[in-house]
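Proteins get letters first, then strands, A, B, ... in listed order; numbering begins at 1 in each. Keep in mind that the numbers below use all heavy atoms, side chains included, and drop hydrogens, waters and symmetry copies.
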Amino acid sequence: MRPTPLTEQELLSRAHELAGFTLDELAVQAGMITPPDLRRDKGWVGQLLEWHLGASAGSKPVPDFIELGIELKTIPISYTGKPLETTFVCVAPLMGLQGVTWENSHIRHKLARVLWVPVEGERDIPLGDRRVGSPLLWSPSADEEQRLRHDWEELMDMIVLGQVEAITARHGEVLQLRPKAANGKALTEAYGANGQIIKTRPRGFYLKTSFTAELLTRAFLL
DNA sequence: GCCTGATCATTA
DNA sequence: TAATGATCAGGC
């Protein structure tokens, strides 16, 4: 991959340089082969952008740009510029929750500073022909953080009370809790309704498309 | 299994 | 057609 950017400005300007290129063009530069589609390569676009931007973390549980504390997120965009998918943030802790607060939560740190890179995502555009858009370096506004915190506290309360299996994607205005695993057979431990420990599918926190649409729109209007 | 990168595919 | 629940690949 390219050298890791040393400053926020360097990272942002490098991201701006990618705007307008197709994924095929970026793949050639990276020495990668564009897959026919994303059915078996769901993370390919993210990995391609990681290469171009010099993300350092790889698959480690730390920010993509460790030194800068910045997380990289590619986001598939429709013809009208709206996100086509929810955005996975991180796995939800289901055990060992004593002392966990919004302030010290994994998700809050993950979302503290995010470099959003929109990429055309309509399925009728061949993968290699999709173009990269203009990047956005984002931190939650006070209002956005308040809404995130509200949903997070509601969801975590249910988890602590042993109600994880009663949570659906409909809970939360901006943040969802949904299964996150290789398949339905993956199981992890969680609190049960009667204080016992149960086995359940691992869950992840996802940002709803309406929320990420707002972010992109707000930045575009400014 | 957990974590990274996410999108797929079917339903409501 | 948007949203939900399910799933794919790779490294450790």
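A/Leu207 CG to A/Thr86 OG1: the interatomic distance, rounded to the nearest 0.5 Å, is 8.5 Å. Interatomic distance, CG of A/Leu216 versus NZ of A/Lys82, reported as 11.5 Å (0.5 Å rounding). Atom-to-atom distance recorded for A/Met32:CE and A/Leu48:CG is 5.5 Å, nearest 0.5 angstrom.
The backbone N or O of A/Asn194 sits less than 3.5 Å from a side-chain atom of A/Gln196, completing a donor-acceptor pair. A/Glu120 places a side-chain N or O within donor-acceptor distance of the main-chain N or O of A/Arg131, the cut-off being under 3.5 Å. No donor-acceptor pair closer than 3.5 Å links the side chain of A/Glu154 to the backbone N or O of A/Asp151. Side-chain atoms of A/Gln146 never come within 3.5 Å of backbone atoms of A/Ala142 as a donor-acceptor pair (strictly under, hydrogens ignored). Distance alone, capped at 3.5 Å, places no donor-acceptor pair between the A/Glu50 side chain and the A/Gln47 backbone.
Residue A/Lys180 places its side chain closer to B/dT4 than to any other of B/dC2, B/dT4, C/dG5. With B/dG1, B/dG5, B/dT4 as the candidates, the nucleotide lying closest to the side chain of A/His106 is B/dT4. For A/Ala186, the side-chain atoms get nearest to B/dG1 when compared with the rest of C/dG5, C/dT4, B/dG1. Relative to the side chain of A/Ala169, the nucleotides B/dC8, C/dA3, C/dT4 differ in distance, and C/dT4 lies closest.
DNA chain B is contacted by A/Glu85, A/Thr86, A/Phe88, A/Val91 of residues 83-104 of chain A, taking any non-hydrogen atom closer than 4.0 Å. Less than 4.0 Å separates DNA chain C from at least one heavy atom of each of the following residues of residues 25-42 of chain A: A/Arg39, A/Arg40, A/Lys42.
A/Arg178 has its CZ atom 16 Å from the P atom of B/dT11, to the nearest Å. If you measure from atom CD1 of A/Ile107 to atom P of B/dT4, you get 12 Å, rounded to the nearest angstrom. Here B/dT4 presents its C1' atom at 16 Å from CG of A/Leu48, a figure rounded to the nearest Å. Regarding A/Gln47, its CD atom lies at a distance of 13 Å from the P atom of B/dT4, rounded to whole Å. When rounded to the nearest whole Å, the span between CG of A/Leu127 and P of B/dC8 equals 9 Å. Between the P atom of B/dG1 and the CZ atom of A/Arg203 lies a distance of 14 Å, rounded to the nearest Å. Taking atom NE2 on A/His171 and atom C1' on C/dG5, their separation rounds to 15 Å, with Å as the unit. A/Ile77 has its CD1 atom 10 Å from the P atom of B/dT7, to the nearest Å.
At the phosphate of C/dA3, OP1 or OP2 sits under 4.0 Å from a side-chain N or O atom of A/Thr209. A/Lys73 has no side-chain polar atom (N or O) that falls below the 4.0 Å cut-off from OP1 or OP2 of B/dT4. For A/Gln176, a side-chain nitrogen or oxygen approaches OP1 or OP2 of C/dT4 to under 4.0 Å.
For A/Tyr206 against B/dA6, a side-chain-to-base donor-acceptor contact under 3.5 Å is present.
A/Gly46 comes within 4.0 angstrom of the backbone, heavy atoms only, and of no base.
Summary for the helix from B/dG1-C/dC12 to B/dA12-C/dT1: the axes at its two ends, each from 5 pairs, differ by 30° when rounded to the nearest 10 degrees.
A donor-acceptor contact closer than 3.5 angstrom is absent between the side chains of A/Thr22 and A/Asp129. Side-chain contact annotation: A/Gln29 with A/Trp51, donor-acceptor N/O pair under 3.5 Å absent. With no hydrogens or angles considered, no side-chain donor-acceptor pair links A/Glu71 and A/Trp138 at under 3.5 Å.
Between A/Asp143 and A/Arg147 there is a salt bridge, since at least one side-chain N of the basic residue sits less than 4.0 Å from a carboxylate O of the acidic one.
The 5' end of DNA chain C is approached more closely, in terms of each residue's nearest nucleotide, by A/Lys82 than by the other of A/Lys82 and A/Ala181.
Taken together through direct or relayed side-chain contacts under 4.5 Å among Ile, Leu, Val, Met, Phe, Trp and Tyr, A/Phe65 and A/Val132 form part of one hydrophobic cluster.
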